[in-house]
Amino acid sequence: MRTVILGISAFYHDSAAAIIIDGEIKAAAQEERFTRLKHDPGFPIRSIRFVLDETGVAYDDLTAIVFYDKPLLKFERLLETFHAFSPRGLKSFITAIPVWIKEKLFMKKLIRNSLKEFGKGKVRILFSEHHLSHAASAFYPSPFEEAAILTIDGVGEWATTTICYGQPEGIKIIRELHFPHSVGLLYSAFTHYLGFKVNSGEYKVMGLSPYGNGDSVQFKIFKEKILAELVDIREDGSILLNMRYFNFATKLTMTNDRRWQKLFGVPRRSPESAIHQEHMDLALAIQEVTETIVLALVHTARKITGSKNLVMAGGVALNCVANSKILKAGDVDSLWIQPAAGDAGGALGAAYAAYHIGLGGPRKKAGIFDSMQYAYLGPEYADQEIIRAIRPYEAEYEHFKNFDHLTAFVSEKLAEGNIIGWFQGRMEFGPRALGNRSILADPRSEAIQKKLNLKIKSREGFRPFAPSILVEDLCDWFTLDKPSPYMLLVASLKESLRYPLPENYFTGDLYERLYHIRSRVPAVTHVDYSSRIQTVSFESNPKFWGLLQEFKKRTGCGMLVNTSFNVRGEPIVCSPEDAYRGFRHSEMDYLVMGNYLFDKKEQRALPLKYAEKIIFPSD
Ligand SMILES: [Fe+2]
């Protein structure tokens, strides 16, 4: 009989569901993609429906359902934290308690009630510890038989960082760092202070950090103050936060703004306000401090496990600048990072933990790269479904019988400077679009960055876009010799492809610096000549690989701008209807879905009822 495990993560942020059958991952998706609410923390009923439908599993056939953390342990942390900091924190305690009593403490009942529509059988419900879920999501789909495992995030139940050892017999937790001392929360505190949203704006801090001037006195003072006042880093990478400066244990905010302002001499930046050099220098300072901690943790993990393989998960593992420093430091030979490193991936990890650790299931041999199927684990739509979905919009389209002809046409239009929505195959699991729900453009164009920012994404982003590159061409462009199929590593552009910077470059305004033409591929070159890379191979994504090949044939450049297919505060598109709405809403020139091409110039005015549908709530 098959062993079928449904993993669920919910009630924090990025709820998700995943299903594994006999140890093999079959489907996974985040709830936000279906509900269209970014980072939706609700019970992932629609993701569950999708993974069950996709695999043809009936509810009563499930061997077990497993939740990605242990609510009782979390509740214990809440009580003990209140006790330790009392009477501070009374307000946040009072706010949190009713939700806990109403929902989270009775999670089994809540899960059963929520799943009633699928069946009445009594499927076993299990709970995995939060960091064990992260650890399992990092180790079991990795290509390694044994590996050191490092999980770093904000907080789970108590743990904020763990070092584990994964081997054929299972996962051994070796060291844990406990709340409130947390690398993730330290980074989030800076995210908050720099005026970005916690739990989603962290990548903006990372993107801002290369604008910091590492030679400046201001930067050096900021870094010294962080190390002297905010965080004590021990040799093994464990940390102690000075809780006089942080509010997250007792209040509903992250930082004690008054004390931070006194310490740094910089007030908290209000969201959407101008970004000045002091903000960029603060971003660089916390990025470098985080890298110091991560590298010390990696060194410790290597030392105490003896393994030269490292796998990682937890939100901090999405910090691709830090990840690349790990590779450079040379403590480990091989590094694998779970693409859904945040809490969405906890659903998958919980399912793996239940199967391999709870039920003693054997490990399957990994695929060519790993067992994640390049993260293409979400819904896929056949040509007829695409046409059915967009019929009410009276869309004009052209059908290409031969996909190669479509690819040739698209590459020509890209080379002419057009921006193209590319919707193919199964949706990606995790935060990145990897060529199945992507917006593509020519990285050589000097105008494309601005056009993408303003006309497609409706924002003035300060980060350049990421390139997708043919894996076989990687070394011709970048100083990276390892594939990066999940866009989790950064690499430097080769010196010969760079253009020199003007002398007063570091005194220039942020956007002047962003739009300065720095290289042969300006749309994807950051101010420090780095790029966040996705390598594409024939095995990983034959259609996307074919398009890159075709673009290279035409232009000599086997690389495209790849930004996630979403507009204006929406999650990445999931269905053909989402994609068509995004296409009509923005100034995208073409949309390709399956074998269909939609040309913006050919589209008719929308029927009134549907015209309203392309207006987004945040407009
Ligand atoms: Fe987490």
Side-chain angles (χ1 to χ4, degrees), residues 14-17 27-40 42 44-51 53-54 200 340 344 375-397 410 419-441 452 455-459 543-544 562-600 603 606-607 609-619:
D14 291 315
S15 297
Q30 289 121 285
E31 189 69 0
E32 62 160 23
R33 305 292 165 86
F34 303 100
T35 60
R36 312 306 300 149
L37 294 169
K38 231 177 172 184
H39 307 295
D40 192 341
I45 194 77
R46 296 177 68 172
S47 313
I48 293 169
R49 193 176 297 133
F50 156 69
V51 295
D53 285 352
E54 175 68 24
S200 63
Y376 303 120
L377 297 163
E380 177 172 20
Y381 298 85
D383 274 3
Q384 311 88 288
E385 290 175 284
I386 293 171
I387 289 311
R388 204 179 314 132
I390 49 95
R391 190 168 292 139
Y393 292 86
E394 297 177 12
E396 290 291 332
Y397 55 83
V410 170
I419 294 176
I420 299 187
W422 183 254
F423 181 104
Q424 300 290 345
R426 295 187 76 173
M427 182 180 71
E428 300 86 347
F429 182 51
R432 303 270 104 87
L434 300 167
N436 278 3
R437 300 288 185 278
S438 292
I439 295 170
L440 307 176
L452 272 169
K455 300 200 165 172
I456 309 292
K457 297 272 184 172
S458 313
R459 63 171 164 102
K543 284 185 173 174
F544 194 25
N562 173 5
T563 181
S564 53
F565 195 153
N566 63 329
V567 291
R568 193 84 196 188
E570 279 223 327
I572 296 176
V573 298
C574 176
S575 70
E577 193 181 359
D578 301 334
Y580 188 75
R581 288 170 69 223
F583 166 64
R584 290 303 299 264
H585 175 80
S586 67
E587 292 187 39
M588 220 176 285
D589 301 295
Y590 294 89
L591 167 65
V592 178
M593 292 202 272
N595 282 41
Y596 294 96
L597 174 83
F598 302 78
D599 180 342
K600 181 62 70 58
Q603 303 304 309
L606 287 165
K609 185 172 154 205
Y610 290 96
E612 282 165 8
K613 279 201 168 194
I614 67 158
I615 307 297
F616 291 85
S618 52
D619 277 355

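Along the sequence shown, the residues carry numbers beginning at 1. Remember, it's a predicted structure, so these values are computed and weren't measured experimentally.
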Q. Please walk me through it: do R426 and E54 pass salt bridge (charged side-chain N to carboxylate O under 4.0 Å, His left out)?
A. CA-CA 11 Å; R426 295 187 76 173; E54 175 68 24; 3.6 Å; yes
Verify, without hydrogens or angle tests, whether [X] (side chain) and [Y] (backbone) share a donor-acceptor contact under 3.5 angstrom.
X: T563; Y: I439; value: no
X: E380; Y: G425; value: no
X: D53; Y: F50; value: no
X: Q30; Y: G430; value: yes

Just how far is it from atom [atom1] of [X] to atom [atom2] of [Y], taken to the nearest 0.5 Å?
X: L434; Y: E428; atom1: CG; atom2: CD; result: 5.0 Å
X: I420; Y: D599; atom1: CD1; atom2: CG; result: 9.5 Å
X: L452; Y: L440; atom1: CG; atom2: CG; result: 9.5 Å
X: R437; Y: S564; atom1: CZ; atom2: OG; result: 12.5 Å
X: Q424; Y: N436; atom1: CD; atom2: CG; result: 7.0 Å
X: I572; Y: M427; atom1: CD1; atom2: CE; result: 8.5 Å

Which heavy atom of [X] sits nearest to which heavy atom of [Y], and what is that distance?
X: W422; Y: G435; answer: CD1-O, 3.1 Å
X: S586; Y: K600; answer: O-NZ, 2.8 Å
X: T35; Y: R46; answer: CA-NH1, 4.0 Å
X: P431; Y: A340; answer: CD-CA, 4.3 Å
X: F565; Y: A433; answer: N-CB, 4.4 Å
X: E32; Y: L37; answer: CB-O, 3.0 Å

Q | Q603 versus Y397, side-chain donor and acceptor atoms under 3.5 Å | A | no
Q: Classify the side-chain pair N562/S438 by whether it contains a donor and acceptor separated by less than 3.5 Å.
A: yes
Q. Side chains of E31 and I45: closer than 4.5 Å at any heavy-atom pair?
A. yes
Q | CA sep, side-chain torsions, deciding dist, call: E570, R36, salt bridge (charged side-chain N to carboxylate O under 4.0 Å, His left out) | A | CA-CA 6 Å; E570 279 223 327; R36 312 306 300 149; 3.2 Å; yes
Q. Where do Y381 and F423 land on the side chain to side chain contact (heavy atoms under 4.5 Å, CB included) test, with the steps shown first?
A. CA-CA 10 Å; Y381 298 85; F423 181 104; 3.9 Å; yes
**Q.** Sole residue of P44, P571, S575, P379 in side chain to side chain contact (heavy atoms under 4.5 Å, CB included) with F34
**A.** P379
Q: Kindly determine whether R581 and Y393 satisfy side chain to side chain contact (heavy atoms under 4.5 Å, CB included), including the steps that lead there.
A: CA-CA 9 Å; R581 288 170 69 223; Y393 292 86; 3.5 Å; yes
Which donor-acceptor pairs under 3.5 Å do the side chains of residues 588-598 make with protein atoms, sequence neighbours left out?
residue : atom : partner : partner atom : Å
D589    : OD2  : I419    : N            : 2.7
D589    : OD2  : K451    : NZ           : 3.3
N595    : ND2  : F400    : O            : 2.8

Would you list the atom pairs, donor with acceptor, under 3.5 Å between side chains in residues 383-390 and any protein atom, with sequence neighbours excluded?
residue : atom : partner : partner atom : Å
E385    : OE1  : A382    : N            : 2.8

